[in-house]
Structures are given as structure tokens and as C-alpha cells.
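Contents: one structure, followed by commentary.
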Number of protein chains: 2
Amino acid sequence: MGVRAKADPATEAWKMVFEVITSERPLRIPRVAAEFGMSPMGVHVFRILEPGAELPMSALAGSVGCDASNVTGIVDRLEARGLIERRDSPADRRVKLIALTEEGARLREQVMDRLYEPPAAIARLSAADQRALCDILARALA
Amino acid sequence: MGVRAKADPATEAWKMVFEVITSERPLRIPRVAAEFGMSPMGVHVFRILEPGAELPMSALAGSVGCDASNVTGIVDRLEARGLIERRDSPADRRVKLIALTEEGARLREQVMDRLYEPPAAIARLSAADQRALCDILARALA
DNA sequence: TATTGTTATACTCTATAACTATA
DNA sequence: TATAGTTATAGAGTATAACAATA
């Protein structure tokens, strides 16, 4: 190929999204996890588990993208800290539903605040650019 | 606080950047790494190590954000596959410079192609949105 | 028979500390 | 003395397979 052609706009945009994420050292999720004494997977679980919601462990495994056997340990550790609880499902006695405790819901808010704190790259944009970015990404995720 | 106020544009934008990344399952870097039989850290090293460049192992440790003792193993595995090589530094006999081999440079191109392949969320945007996204992110990373 | 969650196990990745060879 | 890289080691996270309870 020799001299590389300039990539198309989609690829260029994705490259820069990538750069925004990876330019943070340490990466956001491990950093926030360490800050709260949790594992990165614990943070993922928190993100998925909204206050008031109940999720089967199998659903949790699917959402965080790891094996079900792994979820047992992740849930064990969060439950030992009183942040989440296992509840019996009324529909199927095999499944256990996971939900935040009140303390878990309080901690979740703090964790999410840190997770969603915009990095320098985003923060330094003009308000107009930030709003335009919102609009475009809203369409991307629609 | 009760009902949450709408977050400011910077936070909203960052949340959505986050969503674009984490909506891919499995996550991009582990997925591409597995595809090429590498560890995620191997992919990070490839990303940092441009063809023709030579980097001390300590610099590599800093860039990928892990301990120097860890780099030894990461480099060992890539070197065993003939993708990178250790070279003696002419300036300091303690340091070893890491560089891609020709085969490594070829594989790097394939790995980068997969890494920078835009996800569905970005790909489905209009060309105008993609170009606007490029412009804004270029300013974010300036 | 199939599925949910658990346990046992082995493998990978990681950081810490001790070591070597240089500086 | 300090630094670059290595080695030894132990801890955390992970997936696989076998298991118990339930469907």
C-alpha cells in the first residue's frame, strides 16, 4: 500500500474517540474501581444495576460479558460489603435476583459521578462544541 | 437531590462516548487481541510501537501503564512470535530498545485495521455528522 | 433433559521485591 | 548510589468443567 490514504470520516472519528479514552492514564474504569476499593467488574455491575431494578445473575453475566461462574464471586464480594443483595425469584426458584441495597444505591451515585466526570479533552471544548457532540452522539446511539 | 438535574453538556457528551465504547460486547481491545492470539497488552504495545520506531522497555511500561516487570513477559511473548525484537542501545548498555520486525509491522497493520474499524453506532451516522464529529474531536485532542 | 447458580481447578495477568549489570 | 531490565513469587481475575437444585 505504501503511503496510506486518509481514512474515511467514520474511521477517523472512531480513532479519535479511541484516543480520548486511551489518553487517560490509568484508564477510567480501573481508576474509579480502585478509588472505591472495587474490581473493574464491580463497577460494570454498578453501572448496569440501577436503583430499584432486579436482575438475574445470568442476565448480569450477559451484560458485563463474562462467564456465569465468574458472577458468583463478583456478587459475593459486593454482597459482603452490603452494597447489593441476592433475592429469591418468585417465578423460578433456581434464579437469584440481584438488587442494590440502600447503601449500594448511595455508593452507586458517587461511583457514577466519578465515572461520568468528563476528561480534560471533553471539558476543554467550547459549550457549542459540547452541545454539538451531544447531538451527534445521541443520533449515534439512537 | 431527588429528581436529578440534567447534567451539563460536557458530562452528557462523555456519558455517550462511554456508551459508544461499552455497548460493544466484547469490548474492542480484548476482542481484537483474542482475534490475533495476543493479550490486550500486546495490542497496546502494537498501538504505541510505530514501524521504524525504537522504544526503551521502560518507556513502553509508562505508555501502556503497567509495571516494568510485566513488560518483560509481554515483550517475551511478542518476540517469541517474531513480531518485535530487542536491540541494544548504543548509548546505554543497560537499556534495550524494542522495535517491530518486518513481520510485526505487517501484522500491526492488520491489527490496527480491526481496532479502528468503526462500530455500528459511528458507522450509521450521516457523512455530515461523521465529519462534524471528526472536527470536534480534533479540537478536543489538540 | 435443560437451565441457574455454585464449586473446584487451572491458567493468565499483574504488582512487589530481590537480583544483575550497568551507570 | 541509582537505574534498566530480569526473575521469583504471590494475589487477583478469568474460563472450563462438574455438580446440586429446580424446571
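Atoms considered below: every heavy atom in the structure, side chains included; atoms not considered: hydrogens, waters and symmetry mates. A, B, ... follow the sequence lines: proteins, then strands. Residue 1 opens every chain.
Within the nucleic acid shown, S58(B) comes within 4.0 Å of sugar-phosphate atoms alone, with no base atom in reach, counting heavy atoms only.
Checking dT14(C), dG5(D), dT14(D) against the side-chain heavy atoms of M41(A) singles out dT14(D) as nearest. Distances were taken from every side-chain heavy atom of S39(B) (C-beta onward) to each of dC13(C), dA15(D), dT6(D); the shortest belongs to dC13(C). Proximity note for V95(A) (side chain, C-beta onward) versus dT16(D), dT6(D), dT4(C): the nearest is dT4(C). Residue K96(B) places its side chain closer to dG5(D) than to any other of dT16(D), dG5(D), dT6(C).
Atom CD in E54(A) sits about 16 Å away from atom C1' in dT4(C), given to the nearest Å. The CD-P distance, from E85(A) to dG5(C), rounds to 16 Å in whole Å. Distance I29(B) CD1 to dC13(C) C1': 15 Å, rounded to the nearest Å. Regarding L55(B), its CG atom lies at a distance of 10 Å from the P atom of dG5(D), rounded to whole Å. Between the CD atom of E79(B) and the P atom of dG5(D) there is a distance of 13 Å, rounded to whole Å. One interatomic measurement links the two molecules: CG of D67(A) to C1' of dA18(D), which rounds to 13 Å at whole-angstrom precision. In this structure, the CG atom of L60(A) is 16 Å from the C1' atom of dT6(C), given to the nearest Å. Rounded to whole Å, atom P of dT22(D) lies 10 Å from atom CG of D88(A).
For the pair N70(A) and dG13(D), the criterion of a side-chain N or O lying under 4.0 Å from OP1 or OP2 is not met. Between R94(A) and the phosphate of dA2(C), there is no side-chain N or O to OP1/OP2 separation shorter than 4.0 Å. At dT6(D), one or more side-chain N or O atoms of R86(B) fall inside 4.0 Å of OP1 or OP2 (strictly under the cut-off). In this structure, S69(B) does not reach the dT14(C) phosphate: none of its side-chain N or O atoms is under 4.0 Å from OP1 or OP2.
Nearer the 5' end of DNA chain D, as judged by each residue's closest nucleotide, is the contact made by M38(A), out of M38(A) and R93(A). Heavy-atom distances to DNA chain C give each of D76(A) and D92(A) a nearest nucleotide, and the one nearer the 5′ end belongs to D92(A).
Remark: the backbone N or O of L125(B) is not paired with any side-chain donor or acceptor of R139(A) at under 3.5 angstrom. Between the side chain of W14(A) and the backbone N or O of L115(B), at least one donor-acceptor pair lies under 3.5 Å. Distance alone, capped at 3.5 Å, is enough to place a donor-acceptor pair between the R28(B) side chain and the R114(B) backbone.
Salt bridge status for R77(A) with E79(A): absent, with no side-chain N to carboxylate O gap under 4.0 Å.
When side chains are defined from C-beta on, I48(B) counts as touching V64(B), because their heavy atoms get closer than 4.5 Å.
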